[in-house]
Structures are given as structure tokens and as C-alpha cells.
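Okay, so here's the structure we're looking at.
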Amino acid sequence: MTNQDLLAIAKEFGTPVYVYDVNSIREQYEKLTSSFSKNTRFFYAAKALTNINILKYVEKLGASLDCVSINEVKLGLKAGFSNDRILFTPNCVDLAEIEEAMSLNVHINIDNISILEQFGNKFGGSYPIFVRINPHIFAGGNYKISTGHIDSKFGISIHQLRHIERVMKSTNINVEGLHMHTGSEIKDPDVFLQGLEIMFELAEHFPNLKYLDMGSGFKVPYQDGDIETDVKSLGKKVNAAIKKHEETSGKKFQLWFEPGKFLVSKSGHFLVKSNVIKQTTATVFVGVNSGFNHLIRPMFYDSYHIIENLSNPKGPERIYTVVGNICETDTFAWDRKINEVREGDVIVFRNAGAYGFEMSSNFNSRLKPAEVMFLDGKAHLIRKRDEFEDLLKNQIEVL
Ligand SMILES: *Cc1c(COP(=O)(O)O)cnc(C)c1O
């Protein structure tokens, strides 16, 4: 899709608006499937972007779905994923939520000893489960998105293997899969191989094991000079490691991955309008009709999004600090070279498909943006912009 397409969408649907070019999702998915062996499955991590149309599109591609809440499971079923193509990977939920997932007959991943025990005492081996292991590999772009480190709340520590075995022995739980997800944006792909070796060792303790789920961590480039995980080369290495393990152990496991941002980040373009150009003593601010209520990644993770002025692509480059219109410090970017911005210009944030709309809120009583899907050269509105009444929905007036 071109910048002209984006400008036309801004004109037709207004700003702020998230635009998803689903062709890019298909390309990313095909990169994965062509790099790994046929006996590999990809579970799209729904939490990156859950618009039902995106879920349906990903389902049609043939992917499976990784869900972190019971509502994501229900959305997945509604989008057409069959129950055997859904994995429920919650953390810190109660047994009731796990039981609800059981009633929907999806794969279930348990991430702490307490629930493992409760589950085993109540259901024994009647319902096969996954166990989420924390291998204590430090990986991930930053502390907030790294989940494998020693202080992380995620998974059951690899040092508690004996405890897992005790629970298995005394309650007969049937472990069909092992899972690890060490974090997002892993820079060094050898971390996956290190994780895989740990999985192979652990596998020997689980006689009914069928699946090894390596989670995600696939990196995408956010700025010039950033790299995307080289899935071709990773695929080769992983395939070789699996083959070697099959030959030496005689055991065959299906490999699962859970890419979120790898599939949808690049597809997303977030369009806003420049409201005000504000020159202060030291800085030229571009104030846009958005803020961290719509795109929080720059403020929450210090993450970088390429910002371009679509309305004046040939204008001279100037240095701007791009901020939102929220009564909080909501700086999208400091000191960016952007083609001269005039009030009213349409500004785009690239790579906004993952954790963009999904983390938006109504802070400052502002409305959540619209979403548009660009499919086969056509723009489809897939979520209306919030309206004023939405702010009052669910509120109960007692005065
Ligand atoms: C968030 C998450 C993912 C996806 O991570 P990305 O960096 O978006 O690919 C995969 N698995 C689990 C369990 C997650 O929590």
C-alpha cells in the first residue's frame, strides 16, 4: 500500500486512525512457514492485535492462536479457530478461568505450581495440559518485555522441576506440552537454540510429551539499522537441532511458536493530524491529535516508531519533537528530522500494528481511534471511532 492510499484513508475516515495492510501479515506468515519444517505450528499471539477481522484473516492463513485471557479464547473461537488450534496461556488467573477454558476444549498452559496442584487434585490426568517453564534465560528488548529473568513472574522456574514431578506423580496430571517464552524482541537468535536444548533435556522428564512451544521473541525493525529476526537462518538451525535430537533420542515433538509482533507490527500505520506547531525557546513541538491514550509504546517502553509527514513529503527536513494532546507528558519522539510540518498535515507512525490500538485507553475522556483494514486494494472500516456516548457506557448515574 502506498502513502497515497494512506492519505486517501485519512481523508475518508478521518484521524486518528489505525490502518492495517493485511498483505504484510500474509508475507510475514509465509516467511515463517517457509523457514521451518512442516512439523512446526505458529500460534499468533492474539494480544498484539485482536480486531476480529485480523483474527479471521490470520485464521484463513492457516495459523493457530495463542490467547492470554479467556476472552481472547472466545474471540478466537468466534473468528473461526477450531479448539485444537487455540492455546490458552494465562498467568495469575484462578482455577475458575482455567475450567472455563477446559469447557471450551482448548489447549491449556499452566504457569505456576499452585494452579498445577489444584488442577491435578481436581482433574488428574483427564485433561492434558502444557506447563510453562521459566528457563531463566535473560532475553528481550528491555526489562518490561523480558519474561525469562530471575525476577520474572512468568512460568515455573526450571529449578522447580522436582516439584513439578512431585505434583505429576501424586496427581497423575498428563503433560502434553512444555512451553517457554523468554521475552519480546530477542536480538540474538541463538537464544532460541539455547532454549531448545533446555527443552530437550526437560522433555526426558515428561513421558507423554508431544509439543515443545518456544513462545516468541521474534524481533522486528522499528528504525533504520534495526534488524528483523533472520527466520530463514534460524529455521535452518532449529531444523538441524530437531533432526539431531530425533536421531539421538528417537523421540519426535511438534514445535510451536507464538509470534505476535512479527506478524502484525509492520502491517500497521497509525495516522494522526498535526494540530499545532509550537515553537518554544528551545524546541519546535508538533502537537498531534493523539497521545499515549492511542499509542503508548514510545512512553511505556521507550520504543521508537518512524514518523513521517505524508502531506508534505518534499518539504525541507526540520527537527521536531512530536507530542500528543494529553494532559501528561506524552512525547512520541524527541528531535526527529521530519519534512516540514504544517498545521493540518497528516503524520504517520510506522510499525504500529502490534500493541498499538490494543493498548489504547480513554484517558482524558478522549475517544479511541477508528481502525481500517486494507485488503486487495480496498479500505474497509473495521472499527468505528468511539463516540461521546461510549464514555458513559456502563456508568451508572446515581446523582
Ligand atoms: C506476548 C506474548 C507473545 C508474543 O510476543 P511478541 O513479542 O509480540 O511476538 C507470545 N507468547 C506469549 C506467552 C506472550 O505473552
Side-chain angles (χ1 to χ4, degrees), residues 20 24-25 28-29 31-32 36 40-50 54-55 58 63-73 76 85-93 98 101 106-112 129-135 137 139-149 152-156 177-189 191-192 195 199 211-222 226-229 231 234 255-268 296-297 300-301 303 305 351-359:
Y20 310 116
S24 151
I25 301 179
Q28 292 297 95
Y29 182 67
K31 263 190 217 168
L32 289 172
F36 291 84
T40 310
R41 284 167 71 188
F42 299 93
F43 286 66
Y44 167 53
K47 76 174 189 284
L49 176 59
T50 53
I54 299 294
L55 296 180
V58 170
S64 299
L65 198 68
D66 180 50
C67 301
V68 293
S69 75
I70 193 68
N71 295 326
E72 284 187 358
V73 171
R85 283 165 71 203
I86 294 181
L87 172 65
F88 181 43
T89 299
N91 74 90
C92 295
V93 299
I98 303 243
V106 298
H107 296 283
I108 291 174
N109 190 359
I110 294 184
D111 104 318
N112 63 81
I129 51 156
F130 277 61
V131 173
R132 178 172 184 167
I133 302 286
N134 184 340
I137 302 176
N142 69 48
Y143 204 73
K144 278 189 197 149
I145 54 177
S146 171
T147 57
H149 57 78
S152 169
K153 71 166 180 170
F154 295 101
I156 302 175
L178 287 179
H179 171 275
M180 59 174 68
H181 169 68
T182 48
S184 280
E185 296 187 28
I186 297 172
K187 291 206 177 70
D188 176 8
V191 166
F192 284 102
M199 284 289 215
Y211 311 112
L212 298 181
D213 184 338
M214 300 301 295
S216 180
F218 294 106
K219 192 176 155 33
V220 297
Y222 279 101
D226 263 9
I227 53 149
E228 177 172 292
T229 301
V231 291
L234 178 64
L255 199 62
W256 292 9
F257 286 103
E258 303 169 345
K261 62 173 62 156
F262 190 85
L263 289 180
V264 298
S265 172
K266 201 159 131 184
S267 78
I296 202 173
R297 296 189 72 257
F300 198 46
Y301 303 121
S303 52
H305 288 265
N351 276 297
Y355 312 107
F357 182 89
E358 213 55 34
M359 293 176 93

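Note that ligands are numbered from 1 as they come in the structure, with each ligand's atoms numbered from 1 the same way. Here the structure is a predicted model, which is why all the values come from computation and not from measurement. Numbers here are sequence positions counted from 1.
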Next item on the list: Report the relative orientation of the aromatic rings in Phe257 and Phe192; use parallel for angles under 30°, tilted for 30 to 60°, perpendicular for over 60°.
Entry: perpendicular

Checklist line | Heteroatom distance test (His179, ligand 1): nitrogen or oxygen, under 3.5 angstrom | finding: no

Note to self: Under the rule for side-chain contact (heavy atoms from CB on, under 4.5 Å), what residues qualify as partners of Asp226, not counting sequence neighbours?
What the structure shows: Lys219, Pro221, Tyr222, Gln223

Margin query: Under a 4.0 angstrom heavy-atom cut-off, which atoms of ligand 1 come close to Ala45?
Written below: 3 (C), 4 (C), 10 (C)

Next item on the list: Could you tell me which residues satisfy salt bridge (Lys or Arg N to Asp or Glu O under 4.0 Å) with Lys31, sequence neighbours excluded, listed by chain and number?
Entry: Glu228

Checklist line | Under 3.5 Å: donor-acceptor pair, side chain of His179, backbone of Asp213 | finding: no

Margin query: For His181, which part has a heavy atom under 4.0 Å from ligand 1: side chain, backbone, both, or neither?
Written below: side chain

Check: Just distances here: any N/O of Gly215 and N/O of ligand 1 closer than 3.5 Å?
Finding: no

Notebook entry, point to check: Is there a nitrogen or oxygen of Arg132 sitting under 3.5 Å from a nitrogen or oxygen of ligand 1?
Noted result: no

Next item on the list: Step by step, work out the side-chain hydrogen bond (donor to acceptor under 3.5 Å, both in side chains) result for Glu72 and Thr50.
Entry: CA-CA 8 Å; Glu72 284 187 358; Thr50 53; 5.9 Å; no

Checklist line | Expected output: side-chain Glu258 to main-chain Tyr44 donor-acceptor under 3.5 Å | finding: no

Next item on the list: Using a strict cut-off of 4.0 Å, indicate which atoms of ligand 1 neighbour a heavy atom of Tyr355.
Entry: 1 (C), 4 (C), 5 (O), 6 (P), 8 (O)

Checklist line | ligand 1 atoms in contact with Thr89 (distance to a heavy atom under 4.0 Å) | finding: 13 (C)

Check: Any N/O of Lys261 closer than 3.5 Å to an N/O of ligand 1?
Finding: yes

